[in-house]
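Presented below is the structure to which this report refers.
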Amino acid sequence: MKNLFLILHLIVSVILILVVMAQEGKDPGMRGIQGASSDMGDSFFKKSGGTTKEAMFIKLTATLAILFLITTVVLFVLSAGTVA
């Protein structure tokens with residue numbers, strides 16, 4: 001049982017890292033030099049709310065973070081019974 005949660009924990013960890021790395025930063029980057037807003041050009045997509053790529057990444061990150069937390073707690077509880 002512990003090995004199953006350990007493998008699940010590792011998979012969730014790697015996917016969480018990849019999803020966080022795939023997200024775009026909030027920093028305007030080179031657009032900030034020109035004085036442009038960080039959301040300039042995205043106003044059409046910002047109106048749709050939860051259907052944007054950014055919103056999908058936020059929901060996926062939150063879900064994976066919760067799974068990471070759950071697997072961490074389960075692994076802690078399972079290992080607490082084996083330590084003398």
Side-chain angles (χ1 to χ4, degrees):
M1 185 67 142
K2 184 177 177 182
N3 289 336
L4 176 70
F5 277 103
L6 185 61
I7 292 169
L8 181 64
H9 186 70
L10 290 173
I11 290 171
V12 168
S13 301
V14 170
I15 295 173
L16 182 60
I17 290 169
L18 293 174
V19 167
V20 169
M21 294 294 290
Q23 292 182 22
E24 293 182 18
K26 302 267 185 223
D27 185 27
M30 293 299 286
R31 289 190 289 180
I33 294 173
Q34 301 168 349
S37 173
S38 63
D39 62 350
M40 188 174 188
D42 293 337
S43 61
F44 174 76
F45 295 108
K46 294 288 183 189
K47 291 179 183 176
S48 61
T51 60
T52 63
K53 182 175 153 183
E54 181 181 345
M56 180 192 69
F57 273 128
I58 290 172
K59 290 176 186 175
L60 185 60
T61 303
T63 303
L64 288 170
I66 291 169
L67 280 173
F68 180 82
L69 178 68
I70 290 170
T71 57
T72 302
V73 170
V74 169
L75 284 171
F76 176 75
V77 168
L78 289 175
S79 67
T82 59
V83 176

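What's counted below: heavy atoms across the whole structure, side chains too, no hydrogens, waters or symmetry copies.
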Which residues end up grouped with I58 if you chain together Ile, Leu, Val, Met, Phe, Trp and Tyr wherever their side-chain heavy atoms are less than 4.5 Å apart?
none

Can you pull the side chain to side chain donor-acceptor pair (under 3.5 Å) pairs that have at least one residue in residues 7-23, sequence neighbours excluded?
H9-T71, Q23-T61

Find the distance between CG (L16) and CD1 (I66) and round it off to the nearest 0.5 Å.
11.0 Å

State plainly whether one hydrophobic cluster holds both V77 and I70, where clusters connect Ile, Leu, Val, Met, Phe, Trp and Tyr through side-chain heavy atoms under 4.5 angstrom apart.
no

List for me each residue that meets side-chain contact (heavy atoms from CB on, under 4.5 Å) alongside L6, sequence neighbours excluded, and say none if there are none.
L75

With the 4.5 Å side-chain cut-off for hydrophobic clustering, are M56 and I15 part of the same group?
no

V14 versus L10: any side-chain heavy-atom pair under 4.5 Å?
no

Cluster overlap I11 with V20, hydrophobic side-chain contacts below 4.5 Å:
yes

Taking only residues two or more places apart in sequence, or in another chain, which ones meet V12 in a side-chain contact (heavy atoms from CB on, under 4.5 Å)?
L8, L64, L67, F68

